[in-house]
A.B. asks: 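Have a look at this one.
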Amino acid sequence: MTNLQSAQRELRRGVLVNLLGLLGKLAAPLFLIAMTRLYGPDAMGIFLTALVLVEMSAAFLTAGFQDGALLFVARHHGEEGGRERLLQAVANALGWSVLVCAALIPAAFLVVPCWTGSRFDYAPELDQALQVMALGLPFFAAERVLITATQGLRIMTWEALFAGGLRPTLLVAAALGLWWWQPSALGLATAWTGANVLLGVLALGVWRRCFGFEGLRDALWPLRWNVPLLRFALPQNVNMAVSQFMTGVDVVMLGAAGLPAGAIAFYAAGSQIVRNLRVIKVTYAQAWNPHVPGFLRREDRSGLASLTADTMRALTWWVLAAVGVVALLRDDLLRIVHPTFAGDTTFLLALLALPWLVCVFGLHQNLLTMSGRSALNLVNHLLAVLLNVGLNLWWIPKFGLVGAALASVCATVVLTALQVVQARAWLGVRVPLAPLALPHAAALGAWCMVSVVGSLGADTLLNRLACAALWLGLVGGAWWMAVRLDKRRLSPAG
């Protein structure tokens, strides 16, 4: 069995595990719906603004260490004498990420109120939420580093269980329980912190099962500098913070522009629906990432390009099917979140370009990251953020919610183009894009057919559900036929 065939088999197995976790992540939109109904649009708008800011901070402080833990575990696992280097890298990732998150707690109480006071009409409520959520950041960092490290062993079960099952389930349960005590953004923030504290404790048990504590204790104290890890992780921290900033800057800038919390909740609900579609890419990327260092170490760039092309094609089918359903049912989905969300949903149509770009072309970013080019990714994201912020400042006053959505799309198009060109030119991994033509052609034909069928009936929920079912049937049927043709072409008899 060739390296490519072995990687393809392990990738399929990893994707299957992650798909099971994806079912658990359905609790995330359930959380959005249930909590908006229970706590109200204003409280949810404040909490989602706080969540975006916390996610930006967490990315800046921990994301590079998470990726570094995965990269160095995948690189050193199985090497002679590799266990000591592996533990040293994970100890550095864990120790520094927890320390810097703990250092952020005083800043949340001393600095944040000075920054929010003149920018948000709901600053006191936002300050309380941010301060409580800052208490949970060290536990969040520990859980993310320890669980991500297990993926370097090509074990996808724990990531699927934690991210797809425990995290959303605990968050929903805690928020439901705390509603009786504090039916406000503070209650939601307390639920977030409580869920992350418990997840951090559980992650220690997972690490003990996979690696044991003895080696990690020795590597943690005294904590020695791991220069290769820090050289990768520090730029990647900034890179992922900038990436997270670009993802959530539209929500923050809408609030800073003076829009009421209810309008921000309306936009943030649509944005959250769209962001959930990015889980499709994560499902595949988590199983695909650990194979990249091996292909690059063997200098098998053609094999890596083939594996990436196969993964991108599967991602394309998935995201086209999902984007079509959301586009057809966008008004109904937002009204499910809250009955008052019945305004113009054009912004949501624009935002649907984001998961399409991320799922179809996003593995090029992972190629740059897993090859150690975190500084290059940082430059790309900085350019995209400058463009995003500038367009938001220009378009939000003119076009409101649609302007914020279009700014994000334009910035992501530029970012994606840079990543594709760099992966091909600088890494020498020339992923063929021609196989992506068939899914798009099939989706275009299916959309035309659905549009014709939909125009024949009244604009009712039943008609829209029928169109969504027809869309899934047509795209799914085309995908099945494409897979059958591929198997026939690759079979010895073919």
Side-chain angles (χ1 to χ4, degrees), residues 17-39 43-44 46-48 50-55 57-59 61-63 66 94 97-98 101-102 105 128-151 155-210 244 268-269 272-273 275-276 278-279 282-283 286 337:
V17 173
N18 287 332
L19 279 174
L20 296 176
L22 178 59
L23 296 177
K25 289 182 181 179
L26 292 176
L30 290 178
F31 170 79
L32 179 65
I33 295 167
M35 296 308 108
T36 304
R37 294 264 181 164
L38 192 61
Y39 283 79
M44 199 65 184
I46 296 169
F47 170 73
L48 290 175
L51 182 62
V52 167
L53 292 170
V54 167
E55 286 177 342
S57 302
L61 298 173
T62 69
Q66 294 172 38
L94 178 63
S97 58
V98 170
C101 282
I105 295 174
Q128 286 183 328
L130 287 170
Q131 289 160 2
V132 169
M133 294 170 81
L135 299 175
L137 272 177
F139 298 92
F140 172 83
E143 182 263 334
R144 284 290 78 212
V145 169
L146 293 174
I147 297 302
T148 303
T150 65
Q151 295 179 62
I155 301 174
M156 304 301 152
T157 308
W158 296 115
E159 172 65 21
L161 177 62
F162 272 67
L166 290 175
R167 180 179 298 281
T169 303
L170 288 174
L171 187 54
V172 169
L176 287 173
L178 288 169
W179 178 78
W180 300 99
W181 166 70
Q182 190 66 251
S184 65
L186 178 60
L188 289 166
T190 305
W192 185 90
T193 296
N196 279 287
V197 169
L198 183 55
L199 288 169
V201 174
L202 292 174
L204 288 173
V206 172
W207 177 268
R208 180 182 181 183
R209 178 169 180 169
C210 293
Q244 191 65 49
Q272 287 289 325
I273 290 170
R275 287 177 67 180
N276 283 324
R278 298 187 182 199
V279 174
V282 174
T283 300
Q286 287 173 346
V337 177

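When a residue number appears, it is its place in the shown sequence, counting from 1. Bear in mind that the values here come from a model prediction, so they are computed numbers and not experimental data.
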A.B. asks: Just grab all the side-chain hydrogen bond (donor to acceptor under 3.5 Å, both in side chains) pairs involving residues 194-204, residues at least two apart or on different chains.
C.D. replies: Arg167-Asn196
A.B. asks: With Val206, which residues qualify under side-chain contact (heavy atoms from CB on, under 4.5 Å), at least two apart?
C.D. replies: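 Per chain and number, Val206 pairs via side-chain contact (heavy atoms from CB on, under 4.5 Å) with Ile147, Thr150, Trp158, Phe162, Cys210.
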A.B. asks: At what distance, to the nearest 0.5 angstrom, does CD1 of Ile105 lie from CE of Met133?
C.D. replies: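 Spacing of CD1 (Ile105) from CE (Met133) equals 13.0 Å.
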A.B. asks: Would you compute the distance between atom CG of Leu198 and atom CG of Leu166 and round it to the nearest 0.5 angstrom?
C.D. replies: 8.0 Å
A.B. asks: Which residues pass the side-chain contact (heavy atoms from CB on, under 4.5 Å) test with Phe139, not counting sequence neighbours?
C.D. replies: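 Phe139: side-chain contact (heavy atoms from CB on, under 4.5 Å) contacts with Val197.
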A.B. asks: Please give me the minimum heavy-atom distance between Trp192 and Val54, naming the atom from each residue.
C.D. replies: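 Nearest pair, atom of Trp192 first, then Val54: CH2-CG1, 3.8 Å.
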A.B. asks: Mind checking what makes side-chain contact (heavy atoms from CB on, under 4.5 Å) contact with Glu55, not counting sequence neighbours?
C.D. replies: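 Partners of Glu55 under the side-chain contact (heavy atoms from CB on, under 4.5 Å) test: Leu51, Gln244, Arg275.
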A.B. asks: Write down the atom of Gly187, the atom of Leu178, and the distance for their closest heavy-atom approach.
C.D. replies: O-CD1, 3.7 Å
A.B. asks: Any chance you could measure Leu188, atom CG, to Gln182, atom CD, to the nearest 0.5 Å?
C.D. replies: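 Rounded to the nearest 0.5 Å, the CG-CD separation comes to 10.0 Å.
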A.B. asks: Which pairs pass salt bridge (charged side-chain N to carboxylate O under 4.0 Å, His left out) with one or both residues in residues 169-181, sequence neighbours excluded?
C.D. replies: none
A.B. asks: Could you tell me the separation between the CZ atom of Arg144 and the CG atom of Leu137, rounded to the nearest 0.5 Å?
C.D. replies: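 Between atom CZ of Arg144 and atom CG of Leu137 there are 13.5 Å.
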A.B. asks: Give, for atom OH of Tyr39 and atom CG of Leu186, the distance between the pair rounded to the nearest 0.5 Å.
C.D. replies: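 Rounded to the nearest 0.5 Å, the OH-CG separation comes to 9.5 Å.
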A.B. asks: side-chain contact (heavy atoms from CB on, under 4.5 Å) with Ser57: which residues, sequence neighbours excluded?
C.D. replies: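 Per chain and number, Ser57 pairs via side-chain contact (heavy atoms from CB on, under 4.5 Å) with Leu104.
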A.B. asks: If you round to the nearest 0.5 Å, how far is CG of Leu135 from OG1 of Thr190?
C.D. replies: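 If we round to the nearest 0.5 Å, Thr190:OG1 and Leu135:CG are 9.0 Å apart.
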A.B. asks: Thr193 and Val132: which non-hydrogen atoms are nearest, and at how many Å?
C.D. replies: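 Reported closest heavy-atom pair: OG1-O, 2.8 Å.
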A.B. asks: So which atom in Leu170 and which in Ala195 form the shortest heavy-atom distance, rounded to 0.1 Å?
C.D. replies: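 Looks like CB-CB, 4.0 Å.
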A.B. asks: Looking at Ala129 and Ala50, what are the two nearest heavy atoms and their distance?
C.D. replies: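 So the minimum-distance heavy-atom pair works out to CB-CB, 4.0 Å.
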A.B. asks: Grab the two heavy atoms, one from Leu48 and one from Ala268, that are nearest each other, plus how far apart they are.
C.D. replies: CD1-CB, 3.5 Å
A.B. asks: Within a radius of less than 6.0 Å around CH2 of Trp180, do more than 12 heavy atoms belonging to other residues, nucleotides or ligands occur?
C.D. replies: no
